[in-house]
Undergrad: 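Structure in structure tokens, see below.
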2 protein chains.
Amino acid sequence: MNLKKYTDFSLRVLIFAGLKSGEELSTIKEVSDVYSISPEHLRKVVHDLTKRGLLTSVRGRNGGFRLAKPASDINIGLLIRSLESDFNLLECFDKGTNHCVISPGCSLKHVVNKALFQFFKVLEEYTLEDLIQNEEELRELMGMES
Amino acid sequence: MNLKKYTDFSLRVLIFAGLKSGEELSTIKEVSDVYSISPEHLRKVVHDLTKRGLLTSVRGRNGGFRLAKPASDINIGLLIRSLESDFNLLECFDKGTNHCVISPGCSLKHVVNKALFQFFKVLEEYTLEDLIQNEEELRELMGMES
DNA sequence: TTTAAACATGTATTTTGAATACATTTTTTA
DNA sequence: TAAAAAATGTATTCAAAATACATGTTTAAA
């Protein structure tokens, strides 16, 4: 059981962008340097976040991207939910492909679903703002001048 | 985010075995017929569950397997925890391979860990016994004579 | 007006782990 | 002694994620 690296990278991009002040832009190169992630790879992540309305991108020279809305409006639970496409923890979660004969009477799915619900309930208690409370420390770790 | 089919199959094998009464044995063939899973594949699952002390296997003609302990002693949370080897939801969960520079000051891991904890907390409220409360219905769905 | 810096986009390749299949051995009872 | 069952090890297939590559588009600065 794990999350995709894409999800991990997406969160890190948002944390990075969230530490910039005001209208200040971040670039893929900056982020790829800080986290040592291939810029090729990050490009897709950033592009995807833009399409999802979380980042605003500015093309052309001196371009880059910034948060499309306040950090306090970016809910971590909803974010992870949308970034991870597939939550079919058991075969029977997907009625289309399920072949398990006992699923009509099997309570396992309810138990796992309840657990999954609690998982997201916790995540939904946090926003990006909560993750960047310690701005100074994070900027320092990233080597950003503040 | 999903569980391995192995985990799913393991749970189904235990549910099947749990519906047998007393010392009665199940065979891989029976289970593979009921769930339409390749016996080759199930063999590993059963073998693995035996090694983990959840099933007792009897070799030779008329052999098979049965639960190694009462269904009420098989905790679903602990079971899934042990069947799924990898819970490194984020790169920084594994200190050995983590490369994220901000992890010392990053609170994301605490948030995700808290969510994972709640996930298991729910699962740990159930045992195999809870999953086979409706014996009759399940036996019927499986085509087992009761 | 040209060039460089940035994102946009589509495609291809690599890698990894899970899922599955195959083959052989061991055990035990009828 | 033969048949039915699990034990065990290895090999193959498959799918999804991760990654890389190539090219296009936009825009500001030189």
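Here is how names work: the chains are called A, B, and so on, in the same order as the sequence lines, proteins then strands, and each is numbered from 1.
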Undergrad: Can you check the B:Leu49 CG to D:dA6 C1' distance for me, whole Å?
TA: 14 Å
Undergrad: Using a 4.0 Å heavy-atom cut-off to protein, can you give one letter per nucleotide of nucleotides 14-23 of chain C, 5' to 3': B if the base is in contact, S if only the sugar-phosphate is, - if neither?
TA: ----SSBBBB
Undergrad: Estimate the overall bend of the helix from C:dT1-D:dA30 to C:dA30-D:dT1 from the end axes over five pairs each, rounded to 10 degrees.
TA: 10°
Undergrad: Cut-off 3.5 Å, side chains only: do A:Asn75 and A:Thr127 have a donor facing an acceptor?
TA: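 The criterion, which ignores hydrogens and geometry beyond distance, is not satisfied for A:Thr127 and A:Asn75.
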Undergrad: Is the centre of the B:His41 ring less than 6.0 Å from the centre of the B:Tyr6 ring?
TA: yes
Undergrad: Starting from C1' on C:dA8, measure out to CZ on A:Phe65 and report it in whole angstrom.
TA: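 Whole-Å distance recorded here is 14 Å.
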Undergrad: Measure the distance from CD on A:Glu24 to P on C:dA6 and round it to the nearest whole Å.
TA: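 These atoms are roughly 14 Å apart.
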Undergrad: Assess whether a salt bridge exists between A:Glu135 and A:Arg139, defined as any Lys/Arg side-chain N lying under 4.0 Å from an Asp/Glu carboxylate O.
TA: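 Salt bridge present between A:Glu135 and A:Arg139.
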Undergrad: Please determine whether side-chain contact (heavy atoms from CB on, under 4.5 Å) holds for the pair B:Glu84 and B:Leu3, giving the CA-CA distance in whole Å, both sets of side-chain angles, and the decisive distance to 0.1 Å.
TA: CA-CA 7 Å; B:Glu84 294 282 313; B:Leu3 299 173; 3.7 Å; yes
Undergrad: Within residues 51-60 of chain B, find the residues that approach DNA chain D with a heavy atom at under 4.0 Å, and present them sorted by residue number.
TA: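 Here the set is B:Ser57, B:Val58, B:Arg59, B:Gly60.
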Undergrad: Could you tell me how far apart B:Leu25 (CG) and D:dA6 (C1') are, to the nearest whole angstrom?
TA: 11 Å
Undergrad: When the distance from CZ of A:Arg61 to C1' of C:dT2 is rounded to whole Å, what number comes out?
TA: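 In whole Å, C:dT2 C1' lies 11 Å from A:Arg61 CZ.
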Undergrad: Are any protein N/O atoms closer than 3.5 Å to N/O atoms in nucleotides 12-14 of chain D? If there are, list each pair with its distance.
TA:
none

Undergrad: Going through the checks in order, is the salt bridge (charged side-chain N to carboxylate O under 4.0 Å, His left out) test met by A:Asp8 and A:Lys4?
TA: CA-CA 7 Å; A:Asp8 190 342; A:Lys4 287 187 284 191; over 6 Å; no
Undergrad: Is there a side-chain contact between A:Val13 and A:Leu55, using heavy atoms and a 4.5 Å cut-off?
TA: yes
Undergrad: Quick check: do B:Leu14 and B:Leu79 have side-chain heavy atoms less than 4.5 Å from each other?
TA: yes
Undergrad: With distance as the sole criterion, is a donor-acceptor pair present between the side chains of A:Asn2 and B:Asp86 under 3.5 Å?
TA: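 Yes, B:Asp86 and A:Asn2 have a side-chain donor paired with an acceptor closer than 3.5 Å.
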Undergrad: Can you tell me how far P of D:dA15 sits from CG of B:Asn2, to the nearest Å?
TA: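 About 15 Å, once rounded to whole Å.
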Undergrad: Starting at atom NE2 of B:His47, determine the distance to atom C1' of C:dT25, rounded to an integer number of angstrom.
TA: 13 Å
Undergrad: Using a 4.5 Å cut-off between side-chain heavy atoms of Ile, Leu, Val, Met, Phe, Trp and Tyr, which other residues end up in the same hydrophobic cluster as B:Val58?
TA: B:Leu25
Undergrad: Between B:Phe120 and B:Phe87, does the ring centroid distance fall short of 6.0 Å?
TA: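 Yes, the ring centres sit under 6.0 Å apart.
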Undergrad: A:Arg52: what forms a side-chain hydrogen bond (donor to acceptor under 3.5 Å, both in side chains) with it, not counting sequence neighbours?
TA: A:Asp48
Undergrad: With distance as the sole test, does B:Glu91 use its side chain to make a donor-acceptor pair with the main-chain N or O of B:His99 at under 3.5 Å?
TA: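 Yes, B:Glu91 side chain to B:His99 backbone: donor-acceptor pair under 3.5 Å.
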Undergrad: If the cut-off is 4.0 Å, is A:Asn62 near the phosphate of D:dT27, judged by side-chain N/O to OP1 or OP2?
TA: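 For D:dT27, neither OP1 nor OP2 has a side-chain N or O of A:Asn62 closer than 4.0 Å.
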Undergrad: If you take all heavy atoms of B:Gly53 and B:Ala68, which pair is closest and at what distance?
TA: O-CB, 3.4 Å
